Asks: 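Structure in structure tokens, see below.
In listed order, ligands and their atoms are each counted from 1. Given the structure is predicted, the values throughout are model-derived calculations rather than measurements.
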Amino acid sequence: MPELHYTPLDLIDTKLEVSSKSFFDRQKKFANSPNIRKTDIEFRTKQLKKLYYAIKKHETRLIDAMLKDYNRAPQESMQLELIPLYNDILGMIKNLSKWAKPRRICDMSPTYMLGKTYVEKIALGSVLVIAPCNFPVLLSLTPVANAIAAGNSVILKPSEMTAATAREMQNLIEDAIFPHGLLQVVQGSITETTRLITSDKLNMIFYTGSPRVGSIVAQEAAKNLIPCVLELGGKSPAFLTEHFSVGSTSKLQTALKRLFFGAFSNSGQICVTPDYLVVHENIYDEVVKQAKIVLNEMYPIFDNNLDYTYLVGQRGYNAIMKKLDASNGQKYIPESAEGFVSNTDNGQYCIPPTIIFNCSWNDSLMEEENFGPVLPIYKYSNLDDTLDLIIHKNDQPLVQYIFSDSEQERQHILTRLRSGDCIIGDTIIHVAIKDTPFGGIGTSGYGNYGGVYGFNAFTHERTVFKQPYWMDSLLFMRYPPYTPTKQKLVETATEQKPWFDEDGKDRWYHNKIFYLISLIGVAIAAILNKCK
Ligand SMILES: NC(=O)c1ccc[n+]([C@@H]2O[C@H](COP(=O)([O-])OP(=O)(O)OC[C@H]3O[C@@H](n4cnc5c(N)ncnc54)[C@H](O)[C@@H]3O)[C@@H](O)[C@H]2O)c1
Ligand SMILES: CCCCCCCCCCCCCCCC=O
């Protein structure tokens, strides 16, 4: 295991101070510039460009580090990690001015119609990004880039489980030479992270990881009223339903290939991995037959294969092995694999991609999130009964995958089962669709990011309303001393009338008349005011 130098606790305190101070200093500098917004956006853009090229420059070293940490297949490091990261940062650079632009609001009610209203997005201040071990670069540097794009100072706490990668990320950040305090790294485990999350110097925490630790982070943050985004995990189901018309063998094979891509890439250590598959009894036997063929085609050679990522650590490896030992399902691994091999001597933990056929609902693999290269398959006969079981046990997953050719059936599932996201006919790749919110619901987390949503996650929306002073000739009736006439005027001018009656039937004309009268009233008042 590569060694990682943990940040001393007193240095963490200093970094927190520096992060906060650097934010305030920057704001002061921008505030004194002739064109505040332009100067600020140019500054952020410059830092994002610097970050982009720093990652590019360290690309090979990052891929090597992930290989060292957990035998991360180099193609997976590129296609699942670095390319989505590059694309996301480029999207930020391209769209930053647009995203940061204040939005004009048009409220035509008399109180506001002659004022000027806009909503601006302001930086939160000093933010902390806590990253998990499974996508050590993407899930560190995407939120970091979002936070910089949004104008914050950032402290990154990478996962200590992927030490070589954590170190390499620190190298690339230090090499880039960002302005003092803009982006700092804290290395460490529970003690160091606890020091960070108990600080009152932070203005937001963006946490990605397990629900257990997410809850600890949110509770600590709440003590200082620090808002959090929690990107958590869970058991995301996949459905191969009665209405998936098998048709040609190749269509079923494609569906299975996509399921295995999601289940076994990164050794199944993906927050959005299909955790288990439910298959309708009518197509079950064909699925079993084709699944074996497809798995062998995808993994023709196995041992010493650089196409296959290992488990990140012994804890994860042991947890999966324990579940597999306790499972009553029928385990199937590719013919090329020599069984379940752990190379604990050199710190490499490998479990081959494993399908578990005929899994019962109470199987050990159907309990907690598996987070490993296992795909239990459950045979069902009634969709609603199965949905009841899912909702009862693993409600609100991060994502659900539906393989069904019936729109009615797809909507049925989507209506019953809440989830962070959903893909129909594929797995995991929705994470990289540009400008779509990626995030959980309920126990799979709260808040989201992805393109503009990432920018929004690190900003506060501030309403700014500018009222002309002369408007008091219209709005004088709000002030004391109150009189019945003033009250009547307030009611007439500002209270909207319902466009529906007590039975809920629409009375559309009321609303139109209200606006017309208000408009005429305001116009007359304005003319009278001018004639004064
Ligand atoms: N929703 C998402 O986007 C997403 C993405 C990746 C992973 N995940 C989830 O993350 C989990 C796997 O990642 P992991 O094993 O690195 O998660 P983890 O919760 O063990 O660790 C995540 C981070 O929290 C820190 N940490 C661990 N224990 C802590 C404690 N007691 N107090 C404070 N900080 C602590 C770690 O140092 C690490 O930086 C899975 O549940 C997976 O589904 C979610
Ligand atoms: C030629 C097709 C390549 C497809 C690549 C699609 C990219 C998908 C990115 C998925 C990233 C998953 C990150 C999940 C983070 C949670 O653990």
Side-chain angles (χ1 to χ4, degrees), residues 4 6-7 69-70 75-88 128-140 142-143 155-163 165-166 185-198 205-221 229-236 257-258 261-262 265-273 275 311-313 315-316 319 368-372 397-399 419-421 423 426-434 437-441 443-450 454 457:
L4 187 64
Y6 286 9
T7 310
D69 277 331
Y70 61 117
Q75 184 170 336
E76 286 179 4
S77 292
M78 271 318 283
Q79 75 185 9
L80 299 180
E81 189 126 19
L82 291 172
I83 293 173
L85 174 62
Y86 293 142
N87 291 347
D88 221 359
L128 168 66
V129 170
I130 304 176
C133 61
N134 61 334
F135 281 78
V137 179
L138 179 72
L139 301 179
S140 294
T142 306
I155 296 178
L156 167 67
K157 210 302 284 174
S159 172
E160 72 285 11
M161 302 282 292
T162 40
T165 314
V185 179
V186 166
Q187 301 285 12
S189 177
I190 298 178
T191 312
E192 292 72 19
T193 317
T194 304
R195 188 66 156 229
L196 287 165
I197 60 178
T198 49
I205 300 176
F206 188 101
Y207 169 83
T208 307
S210 61
R212 183 186 67 80
V213 178
S215 167
I216 296 172
V217 171
Q219 289 183 59
E220 287 303 335
V229 166
L230 297 184
E231 299 285 343
L232 311 177
K235 272 184 109 57
S236 298
K257 226 179 271 173
R258 290 175 183 187
F261 172 72
S265 291
N266 209 37
S267 235
Q269 301 161 107
I270 313 180
C271 52
V272 287
T273 205
D275 188 278
L311 276 298
V312 170
R315 197 183 51 184
E368 303 282 302
E369 175 186 19
N370 285 319
F371 209 60
L398 188 53
V399 56
S419 60
D421 297 308
I423 301 190
D426 210 326
T427 67
I428 78 166
I429 61 172
H430 64 296
V431 178
I433 304 174
K434 88 174 173 158
F438 168 57
I441 173 172
T443 50
S444 55
Y446 50 77
N448 50 46
Y449 66 138

Asks: What I'd like to find out is whether the side chain of E220 reaches to under 4.5 Å of the side chain of I205, using heavy atoms alone.
Replies: no
Asks: Please report which non-hydrogen protein atom sits nearest to atom 38 (C) of ligand 1, along with the residue it belongs to and the distance in Å to one decimal place.
Replies: A131 O, 3.3 Å
Asks: Is it true that G440 lies under 4.0 Å from ligand 1, counting heavy atoms only?
Replies: no
Asks: For the residue pair T165 and D69, confirm or rule out a side-chain donor-acceptor distance under 3.5 Å.
Replies: yes
Asks: If we only count heavy atoms from C-beta on, is the I197 to I130 side-chain gap below 4.5 Å?
Replies: yes
Asks: Would you mind reporting whether T273 and F371 have side-chain heavy atoms less than 4.5 Å apart?
Replies: no
Asks: Hey, does M161 have a side-chain heavy atom less than 4.5 Å from the side chain of P132?
Replies: no
Asks: Less than 3.5 Å between some nitrogen or oxygen of Y207 and one of ligand 1, yes or no?
Replies: yes
Asks: Does the N or O separation between L232 and ligand 1 drop below 3.5 Å for any pair?
Replies: yes
Asks: So which heavy atom in the protein is nearest atom 4 (C) of ligand 1, and how far is it from that ligand atom?
Replies: C271 CB, 3.1 Å
Asks: Consider every N or O of Y449 and every N or O of ligand 1, then say whether any pair is closer than 3.5 Å.
Replies: no
Asks: Considering only heavy atoms, does T208 approach ligand 1 within less than 4.0 Å through its side chain, its backbone, both, or neither?
Replies: both
Asks: Are K157 and ligand 1 in contact, using a heavy-atom cut-off of under 4.0 Å?
Replies: yes
Asks: What protein heavy atom lies closest to atom 37 (O) of ligand 1? Include the residue and the distance to one decimal.
Replies: E160 OE1, 2.6 Å
Asks: So is there a nitrogen or oxygen of G209 less than 3.5 Å from a nitrogen or oxygen in ligand 1?
Replies: yes
Asks: Just one of L398, T427, I428, V431 clears the side chain to side chain contact (heavy atoms under 4.5 Å, CB included) bar with I270, so which one?
Replies: I428
Asks: Would you indicate which of I83, L85, I429 comes nearest to atom 4 (C) of ligand 2 when only heavy atoms are counted?
Replies: I429
Asks: For ligand 1, find out whether one of its N or O atoms is nearer than 3.5 Å to an N or O atom of P132.
Replies: no
Asks: For residues T191 and R195, determine if any side-chain heavy atom of one lies less than 4.5 Å from a side-chain heavy atom of the other.
Replies: no
Asks: Looking only at distance, does S210 have an N or O less than 3.5 Å from an N or O of ligand 1?
Replies: yes
Asks: Tell me, please: is F371 in heavy-atom contact with ligand 1, that is, under 4.0 Å?
Replies: yes
